[in-house]
Amino acid sequence: MFRNTIFTVILLPLIISCTEKQRSADRVVIASVAGERLTLQQAFDDIPPDILKEDSIHTIYAYANQWIQSRVAIDHAQQIGIQNTPDFMKKMDRYRNQLLETLLVEYIIAQNEAELEVSREEAQNYYQTNRDQFLLDEKYIRFRHLATNTRTAAENANREIMAGQDWEEIVERYSVDPELQLRHSTQFWPISIAASDLPPVNQQLRIMGITERSPIIFFRGQYHWVQVMDERREGEYPDLEWLIPQIERWLKLEKSRRLTNAYLRNLYLQAESNNEIDLINVSDLESLIYQ
């Protein structure tokens, strides 16, 4: 079986346009096992974009190799008949039932999407009614974080910030991940989780004041500096503008939960009225258990 394993990785020229890549990716086979094929497009679909962006060639190669190992194991399992065992069939029934329940909930939500929309006015009214629930229980900050691959790049960016150059341009020029760091710089973060994946950076943020910039910090092979732009103290009310989207998401989830619970409850009542349900009473169940 292993001798029949064919593994080929084809790297498309980097100069090919994105549209042409998408057309080609459906046709390009990057790996195969016993006649089953993995295309480049399947790899693109399965690999998260953030991971793919870091090192696409290495990531795709590793994914293809992992796919081969998985297919070899699956083929062997089928050859020895695991799919025909009682344990397999019992678990498949359980997975099938769980999937049916999950997809039913998704179906209910999709069929009632209009009812689940939350207006800005609804979110504002909820905030006004429940304002005290939103008192901050710790300090929140909005900050700029720049990560670069070289100290020179970090120093140049720092000088340009001091000279009043545009933050977005600086990030685009020097950052290892411009899109992410620009997005993060527009949000407020609890001080406990602000840059929590970079402990030395988080420690600096805890002691910095507004507009203050940190020294350049070397951590995990990259150079970092941060600048605090705004803060909200513990016990203060957060800005309504950055609360509204969160309230809208929460209210939509609540509407979804109530809708699906009502739908499922109605199904239960219909089955009960049609005499489709039979449930042992508590006393009989107690007797059976303690016999």
Side-chain angles (χ1 to χ4, degrees), residues 50 116-148 151 153-257:
D50 289 345
L116 301 178
E117 289 303 316
V118 176
S119 68
R120 184 179 178 86
E121 184 181 3
E122 282 182 85
Q124 289 174 329
N125 290 339
Y126 184 88
Y127 173 77
Q128 294 300 334
T129 304
N130 303 276
R131 195 163 180 260
D132 287 344
Q133 293 182 14
F134 297 97
L135 280 172
L136 300 179
D137 56 1
E138 64 176 308
K139 184 169 79 170
Y140 277 62
I141 61 171
R142 182 170 62 83
F143 65 99
R144 294 169 172 174
H145 169 219
L146 189 79
T148 67
R151 186 176 187 89
E155 290 172 345
N156 289 343
N158 198 18
R159 278 194 294 270
E160 291 178 16
I161 279 287
M162 290 175 63
Q165 293 193 31
D166 184 73
W167 164 244
E168 292 189 11
E169 292 180 4
I170 292 172
V171 174
E172 289 292 341
R173 203 156 38 239
Y174 297 109
S175 173
V176 296
D177 193 343
E179 184 181 344
L180 178 68
Q181 295 190 336
L182 277 174
R183 186 169 69 249
H184 280 190
S185 69
T186 66
Q187 302 171 13
F188 276 84
W189 299 86
I191 192 63
S192 59
I193 66 170
S196 57
D197 56 330
L198 305 167
V201 176
N202 178 267
Q203 290 168 15
Q204 282 291 324
L205 288 169
R206 289 175 182 271
I207 61 175
M208 292 169 61
I210 295 177
T211 73
E212 186 178 351
R213 291 187 309 280
S214 72
I216 294 173
I217 301 165
F218 181 72
F219 186 71
R220 291 179 183 165
Q222 293 178 337
Y223 296 85
H224 307 263
W225 60 255
V226 286
Q227 181 182 28
V228 175
M229 302 307 296
D230 201 355
E231 68 176 35
R232 295 292 181 271
R233 294 282 178 180
E234 180 182 355
E236 290 184 5
Y237 290 101
D239 286 348
L240 186 57
E241 285 306 310
W242 56 277
L243 262 185
I244 287 295
Q246 299 178 48
I247 295 174
E248 288 174 344
R249 285 193 294 271
W250 183 82
L251 288 177
K252 186 169 183 176
L253 285 173
E254 275 296 292
K255 285 187 176 183
S256 300
R257 183 183 61 81

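What's counted below: heavy atoms across the whole structure, side chains too, no hydrogens, waters or symmetry copies.
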Closest non-hydrogen atom pair between [X] and [Y], with its separation:
X      : Y      : answer
Ala194 : Phe143 : CB-CE2, 3.7 Å
Gly235 : Leu135 : O-CD2, 3.1 Å
Ile170 : Ala157 : CG2-CB, 3.6 Å
Ile244 : Gln124 : CD1-CG, 3.7 Å
Ala195 : Val201 : CB-CG1, 3.8 Å
Trp189 : His184 : NE1-O, 3.1 Å

[X]: which residues meet the side chain to side chain contact (heavy atoms under 4.5 Å, CB included) condition with it, sequence neighbours left out?
X      : value
Leu253 : none
Ala154 : Thr148, Ile216, Tyr223, Trp225
Ser185 : Arg144, Trp167

- Query: Gln133 and Tyr126: side-chain contact (heavy atoms from CB on, under 4.5 Å), yes or no, with the steps?
  - Reply: CA-CA 10 Å; Gln133 293 182 14; Tyr126 184 88; 3.8 Å; yes
- Give the C-alpha distance, both sets of side-chain angles, the deciding distance and a yes or no for side-chain contact (heavy atoms from CB on, under 4.5 Å) between Arg183 and Leu180. CA-CA 5 Å; Arg183 186 169 69 249; Leu180 178 68; 3.2 Å; yes
Between atom [atom1] of [X] and atom [atom2] of [Y], what is the distance when rounded to the nearest 0.5 Å?
X      : Y      : atom1 : atom2 : value
Gln227 : Thr211 : CD    : OG1   : 6.5 Å
Asn158 : Ser214 : CG    : OG    : 8.0 Å
His224 : Leu198 : NE2   : CG    : 5.0 Å
Phe134 : Asp132 : CZ    : CG    : 10.5 Å
His145 : Ile217 : NE2   : CD1   : 8.0 Å

- With sequence neighbours excluded, what pairs up with Phe219 under the ring-ring contact (aromatic ring centres under 6.0 Å, His included) test?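 Not a single residue meets the ring-ring contact (aromatic ring centres under 6.0 Å, His included) criterion with Phe219.
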Is [Y] close to [X] at the side-chain level, that is, under 4.5 Å between some pair of heavy atoms?
X      : Y      : result
Glu122 : Ile247 : no
Lys139 : Arg233 : yes
Arg173 : Asn156 : no
Thr186 : Leu182 : no
Leu116 : Lys255 : yes

- Message: Can you confirm whether more than 12 heavy atoms, excluding those of Glu236, are under 6.0 Å from its CD atom?
- Response: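 Correct, the count exceeds 12.
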- Any chance you could lay out the side-chain contact (heavy atoms from CB on, under 4.5 Å) test for Met208 and Ile141, step after step, and finish with the verdict? CA-CA 10 Å; Met208 292 169 61; Ile141 61 171; over 6 Å; no
- Message: Between Glu231 and Arg142, is the salt bridge (Lys or Arg N to Asp or Glu O under 4.0 Å) condition met? List the steps.
- Response: CA-CA 6 Å; Glu231 68 176 35; Arg142 182 170 62 83; over 6 Å; no
- Query: Taking only residues two or more places apart in sequence, or in another chain, which ones meet Glu248 in a side chain to side chain donor-acceptor pair (under 3.5 Å)?
  - Reply: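 Result, side chain to side chain donor-acceptor pair (under 3.5 Å) vs Glu248: none returned.
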- Do Asp166 side-chain atoms and Glu169 backbone N/O form a donor-acceptor pair below 3.5 Å?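 It does hold such a pair.
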- Sequence neighbours excluded, every pair satisfying side chain to side chain donor-acceptor pair (under 3.5 Å) that has a member inside residues 191-204: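 Passing the test, one end in residues 191-204: Glu138-Ser192, Asn202-Arg206.
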